[in-house]
Amino acid sequence: MAKWGQGDPRWIVEEREDGTNVNNWHWTERDATSWSKAKLREALVGLVVESEAGRCETTELKQVEGEASCSSRKGKLIFFYEWNIKLGWKGTIKESGAKHKGLIEIPNLSEENEVDDTEVNVSKKKGDGEILKDLMKTAGTAKVREALGDYLKALKTEFTMGMILPTKALQNQELTVKRKLSENTLQHALVVCSLSSGTFRLVEIQASSPVALGVKIPTVALHMTELFDTTVEQLYSIFTVKDLVQKFSKSSAVLEAEKGGKFQMFDGTITGEYIELLTNRKIIMKWRCRSWPEEHYATVALSFVPALGQTELQLDCKGVPICKEENMKFCWQKQHFEEIKCLLQLITLNG
C-alpha cells in the first residue's frame, strides 16, 4: 500500500478545481440512445432524389431499434452503436403522375462496418413503379448512407463535447507551440498536438506569414481499365454532356465541361473541377465524395484509347483516402462503368 501523498499521480484530483477525472484517466460513459434516435430522424427523414423519370422522398422513420453509447478511458473515446432502422418512402412517376410507396430497411448499422458498406434494402408495394424503386436503390441508397455518415460524424463530435477534459500536458504543449510559432513569425496555422494518451487536438494560432492549413491523411492510388462497345467520341461525350451524365447516373447533375469548370453528380454526392480536357483523348479532374474529409480532393485522369471497334477507358486516380479505397472502386465500377454500358445499350436499341 502506498504511503500518504505517494500514490499513483493519475488518481490525484488536486490538478482540477472540480476534482474529477484527472487527465482523463478514469472510465466515463454516456448513453447516446435517446440523442441518436432524434438525430437519426433528423438525418433520414425528408431525403429527396430525383431523375428524369421520377421523384422520391423518405417520409417517415417507421422503426429505430437499438442503442448507442460513448465511453472515455485514458483520454480515448470508444463508441458503440447498433441500430435496426426502417424508413418509409414515396415517389411519383413524372410522365404518368402515378404515385408509389415503399420501405427502406437498414438491418445492421454498427461500428463493425464502414458506413459505405452498410446494408440498405429497398422494397416497394405491389404494382408498377419499378423505375422509382431503381431510383431509390441507386441515388436513394447513396443519400441514405450519406445521412448515416452525418449521424456518425455528429455522434463523434457534437455528442462527445466535454467528455475529454483539458490536461496540464496539453496546456504545456500548446504554450510551447505558440512560442515556437511566434519566434518563426508564422501567420495562421492549424497545428496538430499529439498527446501522450494517443489522441490529437487542433490548435489554431495567429501570427504573421502564411503556412499551409490542415493535416495530411494517408492516401492510395488506383488504376482501373474498362472496355466499352462504342467510339471514343461517344464515350467522351458521356462524361462531358450534362444530359448523358444525368441518364447514366439517374440523378441530377451540374456540368461546366471546360478547364476550371465545376461539376456535381449524384445529386451533389460527387463534386469537383475540370483541370484539363483534351477532346476525345483525356479528362483530368479534381474529384471528391461528400463523405471524405473536408476540402480533400483526389486527382482523377480518364484516358480514352481506341481498341478494335471498342474504346478502352483508363482510370488513374491519386489521393484517395485509404479508408475509402474499396468504396471508390465500387463507385467507378458499379455506378459509372456498368451504368454507362446500360446507357450505351439503350442508345443502340433506340437507333
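- For Asp316 and Gln314, the side-chain atoms include no donor-acceptor pair closer than 3.5 Å.
- With Asn108 as reference, Asn113 is the one residue of Asn113, Ile85, Asn84, Thr118 to meet the side chain to side chain contact (heavy atoms under 4.5 Å, CB included) rule.
- In this structure Lys282 satisfies the side-chain hydrogen bond (donor to acceptor under 3.5 Å, both in side chains) test with no other residue, sequence neighbours excluded.
- The hydrophobic cluster containing Ile275 also includes Ile284, under a criterion of side-chain heavy atoms closer than 4.5 Å among ILVMFWY residues, counted directly or through chains of members.
- By the side-chain hydrogen bond (donor to acceptor under 3.5 Å, both in side chains) test, Thr59 is found to be paired with no residue, residues two or more places apart in sequence or in another chain being considered.
- The cationic atom of Arg288 (NZ for Lys, CZ for Arg) lies less than 6.0 Å from the six-membered ring centre of Tyr297 and within 45° of the ring axis.
- Using a 4.5 Å heavy-atom cutoff, the side chains of Leu255 and Tyr274 are in contact.
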| request: Report the C-alpha distance between Glu338 and Lys341 in whole Å, list the side-chain angles of each, state the deciding distance to 0.1 Å, and finish with yes or no for salt bridge (charged side-chain N to carboxylate O under 4.0 Å, His left out). | output: CA-CA 5 Å; Glu338 292 185 11; Lys341 288 182 178 181; over 6 Å; no
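- For residues 136-145, no residue pair satisfies the salt bridge (Lys or Arg N to Asp or Glu O under 4.0 Å) rule, not counting sequence neighbours.
- Residue pairs that meet the ring pair (Phe, Tyr, Trp, His ring centres under 6.0 Å) test with at least one member in residues 31-72, sequence neighbours left out, are Trp35-Phe159.
- Electrostatic pairing of Lys250 and Glu339 counts as a salt bridge here, judged by a charged N lying under 4.0 Å from a carboxylate O.
- Between the side chain of Arg30 and the main chain of Cys70, no donor-acceptor pair closer than 3.5 Å is present.
- Using cut-offs of 30° and 60° for the angle between ring planes, the Phe337 and Trp332 rings count as tilted.
- In this structure, Trp287 and His336 have tilted ring planes: the angle between them lies in the 30° to 60° band.
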| Going through the distances and angles, do Lys86 and Glu65 end up as a salt bridge (charged side-chain N to carboxylate O under 4.0 Å, His left out)? | CA-CA 9 Å; Lys86 291 183 181 179; Glu65 295 180 346; over 6 Å; no
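- Electrostatic pairing of Lys262 and Glu273 counts as a salt bridge here, judged by a charged N lying under 4.0 Å from a carboxylate O.
- Considering only residues two or more places apart in sequence or on other chains, Glu111 meets the salt bridge (Lys or Arg N to Asp or Glu O under 4.0 Å) condition with none of them.
- Follow the hydrophobic side-chain contacts under 4.5 Å out from Val300 and you reach Val220 in the same cluster.
- No hydrogens or angles considered: a donor-acceptor pair under 3.5 Å links the side chains of Tyr151 and Ser36.
- A salt bridge is absent between Arg41 and Glu60: the closest approach of a Lys/Arg side-chain nitrogen to an acidic carboxylate oxygen does not fall below 4.0 angstrom.
- In this structure, Glu325 CD and Asn327 CG are separated by 11.0 Å, a value rounded to the nearest 0.5 Å.
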